[in-house]
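First comes the structure, then the notes that go with it.
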Amino acid sequence: MAFGKGCHLHLIDGSAFIFRAYHALPPLTRKSDGLPIGAVSGFCNMLQRYVEGNAGGDVTHLAVIFDKGSHTFRNDMYDLYKANREEMPEDLRPQIPLTRRATEAFNIACKELEGYEADDIIATLSVQAREAGGQVTIISSDKDLMQLVGDGVEMLDAMKNKRIDREGVFEKFGVYPDRVVDVQALAGDSVDNVPGAPGIGIKTAALLINEFGSLEELLDRAEEIKQPKRRETLIEKRDQIELSKKLVQLDCETPLDFTLDDLEVKDPDPDTLLGFLKEMEFRTLTKRISDALGVEAPVIPDTTPEGADPGGEDAPEMPAIDPEKYECVSDMAALERWIAKAHDRGWVAVDTETTGLNEMTADLVGISLCVEAGEACYVPLTHKTGKGGDDDLFADKDQDALAEGQIPLDDALAALKPLLEDPSVMKIGQNMKYDAKIFARNGIAIAPIDDTMLMSYAMNAGQHGHGMDTLAERYLSHTPIPIKDLLGSGKSMITFDRVPIADAVKYAGEDADITLRLWQLFKPQLHRARVTRVYESMERPLVPVLAEMEMAGIKVDRNTLSRMSSAFAQKMAGLEAEIHELAGETFNVGSPKQLGEILFDKMSLEGGKKGKTGAYATGADVLEDLATEHELPRRVLDWRQLSKLKSTYTDALQEHINKDTGRVHTSYVISGAATGRLASTDPNLQNIPVRSEEGRRIREAFVAETGKVLVSLDYSQIELRILAHVAGIDALKSAFRDGQDIHAMTASEMFNVPMEDMTPDVRRQAKAINFGVIYGISGFGLARNLRIPRSEAQGFIDRYFERFPGIKDYMDDTVEFARKHNRVETLFGRVIHTPEINAKGPRAGFAKRAAINAPIQGTAADIIRRAMIRMPDAIRGMPAKMLLQVHDELLFEVEEDGVDALIAAARDVMEGAADPVVKLDVPLVVDAGQGANWAAAH
DNA sequence: AATATCACG
DNA sequence: GACGTACGTGATATTT
C-alpha cells in the first residue's frame, strides 16, 4: 500500500526507548556470559507492549529511529554542541547494537543516518507523511520534536500515555509549534549545550516572541525592548542566538535512502523473533510472545555453570586440559576441516610457533588452532629432521631437510589466509602482537583480533602479570608444559623447528586451548569489571598500530656508534688509570663492592653506609657528596657515565641493527606498566640518553633515510596539565590556558616573587615541587632532590598546599578511594589496582604515592595511546611513518616535502586525543621539532 | 637469580 | 616515636 491519505505513520524515538529502558531496570546480565542486557530487555518489553497496545489500531506504517555516531552536522556548526553530554555508561554501550537487532527481530523498520540525529529523520518523515495527506504520531517526549506538532502530527509520551497536540505544545512553550524553535533559540538548552541568550528562559522567551511575532523580528527591533539588561543581551548575543536557532531547527530534508512505503507495518516472523529472544535468554518475554503468536516457546537452556563457585565467578564448565588429545594436522584435508570449524563457530584461538622470540627475525614453524575448549590442533610447517647445531659430528645436509608429514608452508598459509583475514571470524590470541607480526611477514593481515593478555591487563593491572603461564595457573589452575622441556636451556638450547612434531603438538595445542579457555572466561568479566571500553578502545586497537611501528623500525648509523664507542673506550682507559693512581692500587672500577672498600675502608672517607647486603652504597648521590672531599669519586662518576653509554648504547645498540632492514626494531610491551604506559624492550628505545651533553650525541646515530627527516612531537607538561584538571586548580588551569611558564608561575605564587623578577634558581625549586606533587611528595624526597634541609623542604610543601589547597584534597581523596576500592582509575576509566594500599609499614607509603601518581601518569598514557590509535587514519596517504613512542613523544620519519603537513595532522590528533570522551579544562599543547637525526629533531 | 647502578619520561 | 620515602620503566655488569 502506497503511503497516502488514511495512512497513519508511527515513529518511535529509539534512543529515548533505550535510555528509559536502561534507567528503569536493574543491571541485568545474560546468564551464560555476563553480557549486560538490561536495556535490551526493557527495550524489547516496551516494543512488545507498544505492539500489543496498537493491535487492531489504525497504524499502517511504523519505524524506530536511532541516532548514529556522535558527530552530526550540528557539530560542524558549533563544536561544543552536546559537548557537556555525559559519557554513555560502560554497560550500556554494548547493548546499543542489540537494540537495533531487537527492532529488526520484531520486523519493524529500523532507521538511522550517519551525520544526522534521529530527530532530523523523524522531522523529514513527518513532513513527507503530512504532505502525502497521512497522519503521524511521534512516540517520544523529547521537547526538541515539539516543533513538528500540528497538521496531523502529534506526539505521544509513551510513559505517561499522554498525547501532545498544538495545545500541549503551547502549554509547554507558551507558543505554538511554528514558533517553538524561536523560543528554544532564546532559552537555550543546557542538556544539549545550546547557548541561547544568557538570562532568558522559556517564560521570557515566549513573552518576547509573542510580542514581536518572530525571532527575526525581535532581533531586528531589539532596540525597542524596555528592560536594559534584556535589550543589551539580545543585541550583543545576536550571533549566538542565531546559531542556537540553527542548532535547534530540525532538518526536514535529510537525504534518506528509503521511502515511507518501506515502513509499512509487517507481522514478525516467529522464528526470527523467538530466535533473538532465546539468544538474549529472555525467558518471560519469550513465553509471552510465544503465547501471543500462538506458537510453542523455545526452550532456553539454563547455562549457569554447575559447580561454579558461589561468588558468582563463572568458570564455564570445560573438559580437563589434556595435551594427549590434540590433533596433528598433516594434510590439506584435515586443515580444511579445521578452517571450516572455525568459520562455523565464528571464532578461533590461534598461536604461532617460531624459531625465536624476536618477531623480526624468527621464522614460522607451525600454527596451532583451537575452536572448542579441549579440542585443539597443531599444524607443523617447517620442522626439520635431526637435532641441528654446528658442532654435531653427524651433521650433514639432512639436518636441514624438512620433517615428514607437513603441509607445504605456502599451501597452508594460502588456505589459512581467508580465515585469518575474515572480518566475521574473531581470532583469539595471547599476546597477539607477536603473532600478528609473524603473520604480517608472511603476507597475512590478521583481523579482527582479541587478546587474552590485554583482557587480563584491562581488568587486573597492578594485581599480577599477564603472561600465559601466570594466567593459566591463576584462572585455570593449570601449569602449562614449560618451553624448557622442549628447547632445553643455555648453550644446548635448540630452536622450535628442531622439536619433534609429536612433542610440538602437545605444547602448541595446549597454548591454543588455554588461550581459548581464558578468552571464554574473561569475555564476560570485562563487562562486569567495566573495562570493556578501555579494552576495546585503548588496548586492542593498539596492537596493529604498534606492530606496524615495530616493523618499520628506525635507521641507526653503525659508523657513528662505533666511532663513539672507540672514543669512549679511550677516555675510560685514561680515567681508569687516574683512578688506580689515586687509589694506590688497581681494582675493578665497575665493581661497587670493590669501590666501596677502597673509598671507605682504605681511604676512610666519611659517609660510608652499608646497605642490607653489607656492601657500601656507592650510588651517584653518594659519590657526588664525596666529590668535594676527594678527586677520585668525580673520576668514578665520569667513568661510570662513559661506561654506561658505551655498554648500553654505543655497543649494544649495534647488535640490534637488523641484517635485512639495516634498522633497529624495538618491541613494545603493552601490558608491562600498571599505569598504562608502554614499555620498550630489545632494545629499550625509551631511555636513549638526552639529559647530558655527551649522552645526547647518541641520538645523532638515529637518522632518517636519505631524502627524509625525523619529526618529533611531544606533549608539553602533560602530567601537570592533567593534575591541574583532576585536582581542579584554577590558578594552574588559567596559567595553562594563557600559555604561561607554569614553573615560574608556581614560584611566583609560592615565594611572592613577581614574574618579572623570577630567577632561574627559584624557578628550578618550584619545578621540583611541581614534579614532586605528581609523584606523591614528601619532605624527605624533595629535600634530597633539591639538596636542601628537610625542614626547609617541608616548609615549601606546606606553602604549596596552602596556596593550592585543591592539590591536598585531590591526594587525600585519591588515597581514600584506593583504600576503599583497592584501585584507582584514570579519566578514561583505566583501572589500576593498588593491592598494597592497606599494607602496614613502609610499603604503605610506597602504595600511597603510587596511588596518587597512577591516575595522572595513567591518564597521560591513555591520551597518547588514543593519539597513536587515531594516527594511521590521520596520516594516511602522507609519505610518513610513525616510528617510536617515548611516553609523551611520538617520532616520525617523513619525506622532506611532507613535513609540514605531517606536523599539522599529527599535532591535531595529539592535541585532540582526549576528545570526545574527556573534556579537559586545560589545553593540550604539542611541540614539534625536525632534523636529519633524533638529536636535531628533539 | 638478585642487586646495584643509571638511562629515560 | 621510629622508619623510610619522591612515580613509572629496562639494560648492563657484578656478585651470589
Side-chain angles (χ1 to χ4, degrees), chain A residues 461-462 587-596 611-623 636-637 639-653 655-656 666-669 671-692 694-696 698-699 714-720 723 768-786 790 793-794 797 811 824 832 834 840-858 860-861 864 884-889 934 938:
Chain A
F587 68 101
N588 184 349
V589 183
S591 163
K593 185 166 170 271
Q594 292 179 34
L595 175 66
K612 52 180 172 244
T613 51
Y616 289 111
T618 66
D621 48 345
V622 177
L623 297 188
V636 174
L637 283 168
W639 183 91
R640 276 190 183 164
Q641 192 201 3
L642 295 173
S643 163
K644 182 79 179 180
L645 293 176
K646 182 171 185 295
S647 65
T648 311
Y649 300 104
T650 58
D651 291 351
L653 218 40
E655 307 297 310
H656 283 283
T666 184
S667 180
Y668 290 99
V669 190
S671 56
T675 53
R677 274 194 178 179
L678 301 178
S680 162
T681 63
D682 307 299
N684 181 354
L685 295 187
Q686 290 181 321
N687 72 345
I688 303 302
V690 70
R691 292 176 190 168
S692 77
E694 292 241 78
R696 190 155 50 234
I698 305 266
R699 294 190 175 218
D714 69 293
Y715 283 108
S716 161
Q717 313 278 18
I718 188 165
E719 293 193 353
L720 271 178
L723 175 71
I769 298 167
N770 275 332
F771 281 111
V773 167
I774 293 172
Y775 299 148
I777 200 160
S778 77
F780 182 91
L782 183 66
R784 199 174 59 173
N785 191 293
L786 285 177
R790 210 183 133 164
Q794 191 56 53
I797 294 169
M811 293 175 133
V824 292
I832 300 142
T834 56
K840 295 269 171 286
R843 282 139 62 112
F846 266 119
K848 210 171 117 176
R849 290 190 299 273
I852 291 168
N853 173 260
I856 300 170
Q857 187 183 115
I864 197 164
L884 300 180
Q885 187 251 43
V886 192
H887 309 307
D888 64 358
E889 171 189 7
W934 198 1
H938 197 270

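The sequence lines fix the lettering, A, B, ..., with proteins before strands; numbering per chain opens at 1.
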For the pair made of OH in A/Tyr775 and P in B/dG9, what is the distance, rounded to whole Å?
10 Å
For A/Asn853, side-chain hydrogen bond (donor to acceptor under 3.5 Å, both in side chains) partners two or more places apart:
A/Gln857
Can you name the side-chain hydrogen bond (donor to acceptor under 3.5 Å, both in side chains) partners of A/Arg696, sequence neighbours left out?
A/Glu693
Given the P atoms of C/dT5 and B/dT3, what is the spacing between them in whole Å?
15 Å
Restricting to non-hydrogen atoms, name the atom on A/Thr666 and the atom on A/Ser680 that form the minimum distance, rounded to 0.1 Å.
OG1-OG, 2.7 Å
From CD of A/Glu719 over to C1' of C/dC7, roughly how many Å is that when rounded to an integer?
8 Å
Contacts satisfying salt bridge (charged side-chain N to carboxylate O under 4.0 Å, His left out) that involve residues 672-686 of chain A (not counting sequence neighbours) are A/Arg677-A/Glu719
A/Leu595 atom CG is separated from B/dT5 atom P, nearest whole Å, by 9 Å
The salt bridge (charged side-chain N to carboxylate O under 4.0 Å, His left out) partners of A/Arg784 (sequence neighbours excluded) come to none
Pick base, sugar-phosphate or nothing for A/Arg696, based on heavy-atom distances below 4.0 Å to the nucleic acid.
nothing
Given the structure, check if the side chain of A/Arg691 and the base of B/dG9 hold any donor-acceptor pair shorter than 3.5 Å.
yes
Are A/Arg849 and C/dC7 close enough that a side-chain N or O sits under 4.0 Å from OP1 or OP2?
yes
Answer with base, sugar-phosphate or nothing: what part of the nucleic acid does A/Gln641 contact at a heavy-atom distance below 4.0 Å?
sugar-phosphate
Could you list the residues that satisfy side-chain hydrogen bond (donor to acceptor under 3.5 Å, both in side chains) with A/Arg640, not counting sequence neighbours?
A/Thr618
How many Å lie between CE on A/Met811 and P on C/dA6, as a whole number?
15 Å
So what does A/Ile856 hit on the nucleic acid, given a heavy-atom distance under 4.0 Å: a base, only sugar-phosphate, or nothing?
nothing
Taking only N and O in the side chain of A/Ser591, is any of them less than 4.0 Å away from OP1 or OP2 of C/dT15?
yes
Over all strands shown, is A/Ile774 touching base, sugar-phosphate only, or nothing at heavy-atom distances under 4.0 angstrom?
nothing
Using the ring-ring contact (aromatic ring centres under 6.0 Å, His included) criterion, which residues pair with A/Tyr668? Sequence neighbours excluded.
none
Spacing of A/Phe771 atom CZ relative to C/dC7 atom P, expressed in whole Å
15 Å
Can you build the contact string for nucleotides 8-13 of chain C? Use B for base contact, S for sugar-phosphate-only contact, and - for no protein heavy atom under 4.0 Å.
BSBBSS
For A/Asn785, report the nucleic acid contact type (base, sugar-phosphate, nothing); a contact means any heavy atom under 4.0 Å.
base
Using a 4.0 Å heavy-atom cut-off, does A/Ala620 contact any base of the nucleic acid, only the sugar-phosphate backbone, or nothing at all?
sugar-phosphate
Separation of A/Tyr616 atom OH from B/dT3 atom C1', in whole Å?
18 Å
Just to be sure I understand the rule, does A/Gly845 reach a base, reach only the sugar-phosphate, or reach nothing, if contact means heavy atoms closer than 4.0 Å?
nothing
Every stem of 3 or more Watson-Crick or G-U pairs under 3.5 Å that DNA chain C joins, in order of first number, is B:1-9 with C:7-15
What does A/Ala783 touch in the nucleic acid at a heavy-atom separation under 4.0 angstrom: a base, only the sugar-phosphate, or nothing?
nothing
All salt bridge (charged side-chain N to carboxylate O under 4.0 Å, His left out) counterparts of A/Lys646, not counting sequence neighbours:
A/Asp651
Grab the NZ-P distance between A/Lys840 and C/dT5 for me, whole Å please.
19 Å
For atom CZ of A/Arg699 and atom P of B/dG9, their distance in whole Å
6 Å
